[in-house]
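Here is the naming used below: chain letters follow the sequence lines, and residue numbers restart at 1 for every chain.
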2 protein chains.
Amino acid sequence: MGKKSPLSEAALELVARRFAVLAEPMRLRLLQALFDGEKNVGELVEAVDGTQANVSRHLQTLTAAHVLGRRKEGLQVFYRIIDPTIFKLCELVCGSLEKGLSRQAEALAVE
Amino acid sequence: MGKKSPLSEAALELVARRFAVLAEPMRLRLLQALFDGEKNVGELVEAVDGTQANVSRHLQTLTAAHVLGRRKEGLQVFYRIIDPTIFKLCELVCGSLEKGLSRQAEALAVE
DNA sequence: ACTTTATATGAGCATATACGCATATACTTG
DNA sequence: CAAGTATATGCGTATATGCTCATATAAAGT
């Protein structure tokens with residue numbers, strides 16, 4: 001597949017949707033909590049300090065987007081990251097933000 | 001800087017904000033139009049087939065997020081991508097989506 | 001100074017979505 | 001089958017944001 005052809009409108013909406021899934025602090029906290037492996041909902045609720053209902057909803061969103069995988073074991077449901085690009089995406093953005101912050105730091109130092 | 005420490009709430013909001021900036025089809029179209037170099041607003045309006053007002057707003061959003069840079073030349077304003085991570089971010093997401101699509105294609109073929 | 005051209009912005013409307021509360025569903029155990 | 005536990009979901013509300021129309025600003029030419 002080529003790299004230069006412009007994406008169709010439908011493809012752009014998929015890309016946008018993907019970024020939107022990552023555009024919520026609570027969902028990022030969930031992903032962060034899952035960085036070191038699978039957890040069940042109860043553990044996640046505690047890890048991110050949210051309500052059960054809200055955490056559950058965000059987990060649905062991430063699962064529907066194929067970012068997370070779901071595994072049921074008795075009463076509990078375990079979630080895990082199944083999209084390996086998530087790690088790199090977060091690294092890239094964090095790196096970019098660090099540069100931005102050091103830029104700001106410089107500006108403050110100068111003035 | 002370490003790679004494993006959990007991000008603060010403030011940092012997570014910055015990361016989320018960054019993803020949110022990329023979570024709109026129109027802004028992605030603008031970025032796509034700028035992939036091969038700087039363009040002025042008029043050219044962008046035509047390239048993405050939007051209204052001047054709307055394009056201008058999205059350009060402000062992207063500029064405020066330090067994704068785009070601005071250069072004024074007479075009556076015209078030229079925008080360009082100044083954040084090099086944008087390219088990699090889009091590549092990663094597109095790659096991930098392609099996998100998703102081929103997964104869907106397989107599923108269709110099987111059933 | 002007036003007009004024209006390029007870009008930005010204020011106001012209002014429509015839509016999306018995050019959150020909380022309550023309740024439903026699914027599974028286990030007695 | 002009743003009760004308890006873990007997770008999901010319907011509903012209402014508040015907030016954010018994208019879009020359009022109209023208008024404002026800024027720079028250039030006459």
Side-chain angles (χ1 to χ4, degrees), chain A residues 9-10 12-34 38-82, chain B residues 9-10 12-34 38-82:
Chain A
E9 184 59 23
L12 285 178
E13 276 175 30
L14 285 179
V15 174
R17 177 80 201 121
R18 184 129 199 109
F19 281 125
V21 164
L22 301 175
E24 291 295 331
M26 177 59 93
R27 285 198 284 272
L28 292 176
R29 276 196 271 174
L30 287 168
L31 289 174
Q32 205 171 221
L34 289 169
E38 169 178 89
K39 284 193 177 61
N40 66 37
V41 180
E43 292 170 324
L44 287 169
V45 166
E46 193 174 359
V48 305
D49 190 37
T51 67
Q52 182 268 322
N54 198 30
V55 165
S56 179
R57 265 183 216 295
H58 284 301
L59 291 171
Q60 305 313 306
T61 301
L62 288 163
T63 305
H66 300 284
V67 172
L68 297 186
R70 232 181 92 105
R71 182 177 66 85
K72 218 169 174 178
E73 185 178 313
L75 271 183
Q76 295 160 345
V77 178
F78 288 83
Y79 288 89
R80 68 190 181 284
I81 296 177
I82 60 172
Chain B
E9 184 59 25
L12 285 179
E13 275 175 32
L14 285 179
V15 174
R17 178 80 201 122
R18 184 127 197 111
F19 281 126
V21 164
L22 300 175
E24 291 296 331
M26 178 59 93
R27 284 198 285 271
L28 292 176
R29 276 196 271 174
L30 287 168
L31 288 174
Q32 203 171 223
L34 289 169
E38 168 178 90
K39 284 193 177 58
N40 66 37
V41 179
E43 291 169 325
L44 287 169
V45 166
E46 193 173 359
V48 305
D49 190 37
T51 67
Q52 182 268 323
N54 199 29
V55 165
S56 180
R57 268 183 214 295
H58 284 301
L59 291 171
Q60 306 314 307
T61 300
L62 288 163
T63 305
H66 300 285
V67 172
L68 298 186
R70 232 181 91 103
R71 183 176 66 85
K72 218 168 174 181
E73 184 178 315
L75 273 182
Q76 296 159 344
V77 178
F78 288 83
Y79 288 89
R80 68 190 181 283
I81 296 177
I82 59 170

A.B. asks: For B:Ala33 and B:Leu44, which heavy atoms make the closest approach, and how far apart are they?
C.D. replies: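 So the two residues come closest at CB-CD2, 3.9 Å.
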
A.B. asks: Can you list, by residue number, the residues of residues 44-59 of chain B that have a non-hydrogen atom closer than 4.0 angstrom to DNA chain C?
C.D. replies: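 Hits under 4.0 Å, by residue number: B:Gln52, B:Ala53, B:Ser56, B:Arg57.
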
A.B. asks: Rounded to whole angstroms, how far apart are CZ on A:Arg27 and C1' on C:dA18?
C.D. replies: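 Whole-Å distance recorded here is 9 Å.
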
A.B. asks: Given B:Leu34 and B:Arg80, is the side chain to side chain contact (heavy atoms under 4.5 Å, CB included) satisfied, shown in steps?
C.D. replies: CA-CA 6 Å; B:Leu34 289 169; B:Arg80 68 190 181 283; 5.6 Å; no

A.B. asks: Does B:Arg17 put a side-chain nitrogen or oxygen below 4.0 Å from OP1 or OP2 of D:dA16?
C.D. replies: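 Result: no.
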
A.B. asks: Can you measure B:Lys39 atom NZ to C:dT7 atom P for me and round it to whole angstrom units?
C.D. replies: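 The distance from NZ of B:Lys39 to P of C:dT7 comes to 14 Å, rounded to the nearest Å.
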
A.B. asks: Using heavy atoms and a sub-4.0 Å distance, could you list which residues of residues 62-79 of chain B are near DNA chain D? By number, please.
C.D. replies: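 Heavy-atom cutoff 4.0 Å gives B:Lys72, B:Gly74, B:Leu75.
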
A.B. asks: Can you tell me the distance, in whole Å, between the CD atom of A:Glu43 and the P atom of D:dT5?
C.D. replies: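 Atom-to-atom, A:Glu43 to D:dT5, this comes out as 18 Å.
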
A.B. asks: Could you state the atom-to-atom distance from CD of B:Glu24 to P of D:dA16 in whole Å?
C.D. replies: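 These atoms are roughly 16 Å apart.
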
A.B. asks: Counting heavy atoms not belonging to A:Glu46, are there more than 12 under 6.0 Å from its CD?
C.D. replies: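 No - once you tally the heavy atoms of other residues, nucleotides and ligands closer than 6.0 Å, there are 12 at most.
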
A.B. asks: Report the distance from atom CD of B:Gln60 to atom C1' of C:dT9, rounded to the nearest whole Å.
C.D. replies: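 It is 9 Å, rounded to the nearest whole Å.
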
A.B. asks: Looking only at non-hydrogen atoms, find the nearest pair between A:Arg27 and A:Ala20 and report the distance.
C.D. replies: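 The pair with the smallest heavy-atom distance is NH2-O, 3.3 Å.
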
A.B. asks: How long is the line joining CD of A:Glu13 and C1' of D:dG18, in whole Å?
C.D. replies: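 These atoms are roughly 13 Å apart.
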
A.B. asks: With A:Leu68, which of A:Leu30, A:Thr61, A:Leu31 fulfils side-chain contact (heavy atoms from CB on, under 4.5 Å)?
C.D. replies: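 Only one option passes, and that is A:Leu31.
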
A.B. asks: Kindly indicate, with the supporting measurements, whether the criterion side chain to side chain contact (heavy atoms under 4.5 Å, CB included) is fulfilled by A:Asn40 and A:Glu73.
C.D. replies: CA-CA 9 Å; A:Asn40 66 37; A:Glu73 185 178 313; over 6 Å; no

A.B. asks: Where is the tightest heavy-atom contact between A:His66 and A:Arg18, given as atom of each residue plus distance?
C.D. replies: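 That would be O-NH2, 4.3 Å.
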
A.B. asks: Over all heavy atoms of both residues, which pair between B:Val45 and B:Gln52 is shortest? Give the atoms and the distance, please.
C.D. replies: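 Minimum heavy-atom separation between B:Val45 and B:Gln52: CG2-CA, 3.8 Å.
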
